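First up is the structure itself, then whatever we jot down about it.
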Amino acid sequence: MQRVKGMTERHWEAVFTLQSQQRLLLIDAPLHNTFLELWTMVHFLVPGISRPYLSSPLRAPSDESQDYYHKVVIRLHRVTQPFILRRTKRDVEKQLTKKYEHVLKCRLSNRQKALYEDVILQPG
């Protein structure tokens with residue numbers, strides 16, 4: 001999604017003209033549930049269900065449109081739900097091997113000691 005957020009009009013045209021029977025969207029961070037993020041996902045995953053990306057119906061919400069904006073975000077969230085496979089930390093932790101920590105102590109050179117002490121003794 002980071003790459004998606006910074007895309008230009010030319011990038012969007014290239015992405016959305018790709019012909020495919022199926023689409024997969026991989027995200028390496030949690031969803032922030034912003035309108036732009038959800039609109040992008042819906043338009044990419046289900047082409048034709050929404051207007052073209054660049055003609056998004058909403059801009060930044062104003063005080064008057066805040067309620068409408070919130071309702072649209074909820075609806076977009078519902079549309080994306082069937083496409084989301086979410087792995088929680090709890091699920092992933094079960095699959096990991098035990099964590100081992102090995103502490104190895106080594107002597108510092110005189111220069112390293114001086115630098116270390118400078119850092120430790122700095123206020124704040």
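Residue numbers count from 1 along this sequence. Note that this is a predicted model, so its numbers are computed, not measured.
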Under the side chain to side chain donor-acceptor pair (under 3.5 Å) rule, what pairs show up with a residue in residues 103-117, not counting sequence neighbours? S109-Q112

Applying a strict under-4.5 Å side-chain criterion to I, L, V, M, F, W and Y, I'd like to know whether L108 and V119 cluster together. no

Kindly indicate whether the side chain of V79, heavy atoms from C-beta on, has any atom under 4.5 Å from the side chain of R75. no

Residues at least two apart in sequence or cross-chain that pass salt bridge (Lys or Arg N to Asp or Glu O under 4.0 Å) with K71, listed by chain then number, are D67

Scan the side chains in residues 95-104 for donor-acceptor partners under 3.5 Å anywhere in the protein, sequence neighbours excluded, and list what turns up.
from : atom 1 : to  : atom 2 : distance (Å)
Q95  : OE1    : R87 : NH2    : 2.5

